[in-house]
Student: 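This is the structure I have questions about; it appears just below.
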Amino acid sequence: MDDSVPRLEVRDVTVRFAGLTALDAVGFTVEPGSVHAVIGPNGAGKSTCFNVLSGVYRATSGSVRFGDAELTALAPHRIAALGVARTFQNIALSAHLSVRDNLMLGRHRLTRAGFVSAGLRLPSARREAAAHGERVTEIATFVGLAERLATPVGLLPYGVQKRVELARALCMEPRLLLLDEPVAGMNGGERRDMAELIMAVRESLGISILLVEHDMGMVMRLADAVTVLDFGRRIADGTPAEVQNDPGVVRAYLGAAAESVTIDGIDGIDGGAGTGGVTS
Ligand SMILES: Nc1ncnc2c1ncn2[C@@H]1O[C@H](COP(=O)(O)OP(=O)(O)O)[C@@H](O)[C@H]1O
Ligand SMILES: [Mg+2]
């Protein structure tokens with residue numbers, strides 16, 4: 001596989017559910033090696049956008065290109081095989097399995113030996129499993145989970161489980177990492193730790209990161225570029241500084257707060273730390 005990081009180009013993507021347009025001709029470009037945030041009030045279409053990029057939802061129209069590949073027609077496992085890995089807004093790990101086993105599941109797409117030779121315990125399969133095991137240990141160490149490898153995921157605090165999810169995505173050796181609200185439900189300290197980890201991923205691995213985030217303070221700290229969605233439409237696109245002063249963006253966030261849909265990030269709009277806040 002080509003290891004270089006391609007550009008992700010989302011063009012005119014529309015997603016309709018019965019009677020509802022969740023995304024309306026949305027477009028943006030994620031430059032190779034950048035952190036790109038997609039923000040917006042609840043219901044804006046952020047998760048729908050991720051679901052299209054990862055093949056979980058089919059776009060009604062529009063195109064998503066990752067380098068030379070058109071993603072809109074591909075099944076999730078084919079998109080993953082191109083090096084697009086994601087986390088979910090709600091934790092999607094096997095609670096009863098250990099951290100190590102959850103991370104090994106992340107290696108699955110890279111496993112050559114297949115079930116038959118693995119089942120027969122052929123030497124080649126054993127060597128391959130050992131190599132994957134070493135890489136899992138490396139990644140766990142990188143994200144600060146080395147001490148937790150044997151612990152069942154369900155016994156870990158929420159903030160640590162979110163790190164396991166990120167680690168599992170990294171185990172797929174992605175070229176584009178999709179993170180859906182990686183700090184949702186975390187306290188201030190956990191948020192800062194996760195922000196540092198995301199920066200470390202970007203700096204050490206050089207991969208592109210597309211981040212759906214509610215917390216404006218987090219976006220200001222991490223993102224090179226920001227796309228703002230509201231009611232399925234792109235209402236702004238630019239650097240964090242450009243976007244936070246955009247009257248339409250401020251209105252979308254204040255409007256949402258007034259309806260008590262969410263009050264996250266309002267302090268972050270004036271450059272506050274953006275910690276705390278409520279995610280509905
Ligand atoms: N599978 C689905 N079926 C019907 N409507 C959906 C589905 N997924 C999302 N929606 C609707 O699409 C809109 C955007 O949702 P979503 O992308 O989850 O927003 P966000 O992640 O920005 O909060 C919402 O009105 C939501 O109810
Ligand atoms: Mg969402």
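Because only heavy atoms are used, hydrogens play no part in the values below, and waters and symmetry mates are left out as well, while side chains stay in.
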Student: If you draw a 6.0 Å radius around CD in Glu147, do more than 12 non-hydrogen atoms from other residues or ligands fall strictly inside?
Tutor: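 Atom CD in Glu147 is not crowded, with 12 or fewer foreign heavy atoms closer than 6.0 Å.
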Student: Is any side-chain heavy atom of Val84 closer than 4.5 Å to one of Leu8?
Tutor: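 Not touching, per the 4.5 Å side-chain cut-off.
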Student: Does the pair Arg7/Glu9 count as a salt bridge with the N-to-O cut at 4.0 Å?
Tutor: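 A salt bridge is absent here (no side-chain N lies under 4.0 Å from a carboxylate O).
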Student: Rounded to the nearest 0.5 Å, what's the gap from CD1 on Ile209 to CE on Met199? Could you check?
Tutor: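 The CD1 atom of Ile209 sits 10.5 Å away from the CE atom of Met199.
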Student: Please tell me if the side chains of Leu179 and Val212 come closer than 4.5 Å, counting only heavy atoms from C-beta onward.
Tutor: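 SC-SC contact between Leu179 and Val212 ruled out.
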Student: Quick test of your reading of the model: are Glu190 and Lys162 salt-bridged, counting only N-O distances below 4.0 Å?
Tutor: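 Not counted as a salt bridge, because no side-chain N and carboxylate O are separated by less than 4.0 Å.
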Student: Hey, could you give me the CZ/OG1 distance between Phe17 and Thr48, rounded to the nearest 0.5 Å?
Tutor: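 Separation between the atoms: 4.5 Å.
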Student: Rounded to the nearest 0.5 Å, how far does CG of Leu178 lie from CG of Leu210?
Tutor: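 If we round to the nearest 0.5 Å, Leu210:CG and Leu178:CG are 5.5 Å apart.
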Student: Between Thr14 and Ala25 (side chain of the first, backbone of the second, donor and acceptor by atom type, cut-off under 3.5 Å), is there such a pair?
Tutor: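 Yes, because the side chain of Thr14 sits within donor-acceptor range (under 3.5 Å) of the backbone of Ala25.
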Student: Are His36 and Thr227 linked by a side-chain donor-acceptor pair shorter than 3.5 Å?
Tutor: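 There is such a pair between these side chains.
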Student: Any side-chain heavy atom of Thr239 sitting closer than 4.5 Å to one from Val226?
Tutor: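 No; the side chains remain at least 4.5 Å from each other.
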Student: For residues Val219 and Ala37, report the shortest heavy-atom separation together with the two atoms involved.
Tutor: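 Closest pair (atom of Val219, atom of Ala37, distance): CG1-CB, 3.9 Å.
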Student: Judged by atom type as modelled, is there a donor-acceptor pair below 3.5 Å linking the side chain of Arg234 to the main-chain atoms of Gly27?
Tutor: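 Yes, Arg234 side chain to Gly27 backbone: donor-acceptor pair under 3.5 Å.
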Student: For Arg148, is the CZ atom crowded, meaning more than 12 foreign heavy atoms sit under 6.0 Å from it?
Tutor: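 Not buried by this count: 12 neighbours or fewer within 6.0 Å.
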Student: Taking Glu242's backbone N and O only, do any of them form a donor-acceptor pair with Asp246's side chain (distance below 3.5 Å, no angle check)?
Tutor: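 Between the backbone of Glu242 and the side chain of Asp246 there is no qualifying donor-acceptor contact (under 3.5 Å).
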Student: Give the intermediate values and the outcome of side-chain contact (heavy atoms from CB on, under 4.5 Å) for residues Val99 and Val160.
Tutor: CA-CA 10 Å; Val99 170; Val160 180; over 6 Å; no
Student: Spell out, as yes or no, whether a donor-acceptor pair under 3.5 Å connects the side chain of Ser208 to the backbone of Gly33.
Tutor: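 Side chain of Ser208 to backbone of Gly33, a donor-acceptor pair under 3.5 Å: yes, one is there.
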Student: Give, for atom CG of Asn102 and atom CG of Leu93, the distance between the pair rounded to the nearest 0.5 Å.
Tutor: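 Asn102 atom CG to Leu93 atom CG measures 5.0 Å (nearest 0.5 Å).
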Student: Say whether, by atom type as modelled, one donor and one acceptor occur between the side chain of Ser94 and the main chain of Leu97 under 3.5 angstrom.
Tutor: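 No: the side chain of Ser94 does not pair with the backbone of Leu97.
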Student: When you check the side-chain N and O atoms of Ser54 and Arg86, is any donor under 3.5 Å from an acceptor?
Tutor: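 Distance-only check passes for Ser54 and Arg86.
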Student: How close do Ala146 and Thr141 get, heavy atom to heavy atom, and via which atoms?
Tutor: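 Distance-wise, the nearest heavy atoms are CB-OG1, 3.7 Å.
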Student: Closer than 3.5 angstrom, by distance alone: can the side chain of Ser34 be matched with the main-chain N or O of Val30 as a donor-acceptor pair?
Tutor: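 Checking the backbone N and O of Val30 against the side chain of Ser34, no donor-acceptor pair under 3.5 Å is found.
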Student: Can you name the closest pair of heavy atoms from Ser98 and Ala150 and give their distance?
Tutor: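 For Ser98 and Ala150, the tightest heavy-atom pair comes out as CB-O, 3.7 Å.
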Student: Between the side chains of Thr137 and Arg100, does any donor sit under 3.5 Å from an acceptor?
Tutor: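 Yes, a side-chain donor-acceptor pair sits under 3.5 Å.
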Student: Do Arg58 and Val52 come within less than 4.5 Å of each other through their side chains, counting heavy atoms only?
Tutor: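 The answer is no; the side chains never approach within 4.5 Å.
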Student: Hey, what do you get for CG (Leu103) to CG (Leu170), rounding to the nearest 0.5 Å?
Tutor: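 It comes to 9.5 Å.
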Student: Drop me the distance from Ile198's CD1 to Leu222's CG, to the nearest 0.5 angstrom.
Tutor: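 Reported value, rounded in 0.5 Å steps: 5.5 Å.
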Student: Ignoring hydrogens and angles, tell me if any N or O in the side chain of Arg107 forms a donor-acceptor pair with the backbone of Val136 under 3.5 Å.
Tutor: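 No, because the side chain of Arg107 does not come within donor-acceptor range (under 3.5 Å) of the backbone of Val136.
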Student: Which pair of heavy atoms, one from Met186 and one from Gly159, lies closest together, and at what distance?
Tutor: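 Here Met186 and Gly159 meet closest at CE-O, 3.8 Å.
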Student: Taking all non-hydrogen atoms of both residues, which atom of Val5 and which atom of Gly206 are closest, and how far apart?
Tutor: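 Nearest pair, atom of Val5 first, then Gly206: CG2-O, 3.7 Å.
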Student: Would you say the side chain of Leu177 lies within less than 4.5 Å of the side chain of Val201, judging by non-hydrogen atoms?
Tutor: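 Sidechains of Leu177 and Val201: in contact.
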Student: Thr21 and Arg233: side-chain hydrogen bond (donor to acceptor under 3.5 Å, both in side chains), yes or no, with the steps?
Tutor: CA-CA 9 Å; Thr21 303; Arg233 294 209 173 86; over 6 Å; no
Student: Quick one, Phe28 and Val38 - any side-chain contact, counting heavy atoms below 4.5 Å?
Tutor: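 Counting from C-beta outward, Phe28 and Val38 do come under 4.5 Å.
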Student: Using only heavy-atom distances, determine whether the side chains of Thr29 and Glu31 contain a donor-acceptor pair under 3.5 Å.
Tutor: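 Not at all, the side chains of Thr29 and Glu31 share no donor-acceptor pair under 3.5 Å.
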Student: Keeping Gln161 on the side-chain end and Leu156 on the backbone end, is there a donor-acceptor pair under 3.5 Å?
Tutor: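 Pair found, side chain donor or acceptor close to backbone of Leu156.
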Student: Could you report the tightest heavy-atom contact between Asp193 and Arg163, atom names first, then the distance?
Tutor: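 Of all heavy-atom pairs spanning Asp193 and Arg163, the closest is CB-NH1, 3.7 Å.
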Student: Are Tyr158 and Val153 co-members of a hydrophobic cluster defined by side-chain heavy atoms under 4.5 Å apart?
Tutor: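 Same hydrophobic cluster.
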Student: I'd like to check Pro182 versus Leu211 (side-chain heavy atoms, cut-off strictly below 4.5 Å). Are they in contact?
Tutor: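 Yes. Closest side-chain heavy atoms under 4.5 Å.
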Student: Salt bridge or not between Lys46 and Glu213? Use side-chain N to carboxylate O under 4.0 Å.
Tutor: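 Glu213 and Lys46: not salt-bridged.
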Student: Any ion pair linking Arg168 and Asp101 (charged N to carboxylate O, less than 4.0 Å)?
Tutor: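 Judged by the 4.0 Å cut-off on N to carboxylate O distance, Asp101 and Arg168 do not form a salt bridge.
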Student: I'd like to know if the side chain of Arg65 and the backbone of Glu70 have a donor-acceptor N/O pair within less than 3.5 Å.
Tutor: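 No: the side chain of Arg65 does not pair with the backbone of Glu70.
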Student: Any luck finding a side-chain donor-acceptor pair between Asp180 and Ser47 under 3.5 Å?
Tutor: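 Yes, Ser47 and Asp180 have a side-chain donor paired with an acceptor closer than 3.5 Å.
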Student: Of Val10, Thr60, Leu229, which is the lone residue that meets side chain to side chain contact (heavy atoms under 4.5 Å, CB included) with Leu23?
Tutor: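 Going through the options one by one, the only one that passes is Leu229.
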Student: Is there a side-chain contact between Asp237 and Val228, using heavy atoms and a 4.5 Å cut-off?
Tutor: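 The answer is no; the side chains never approach within 4.5 Å.
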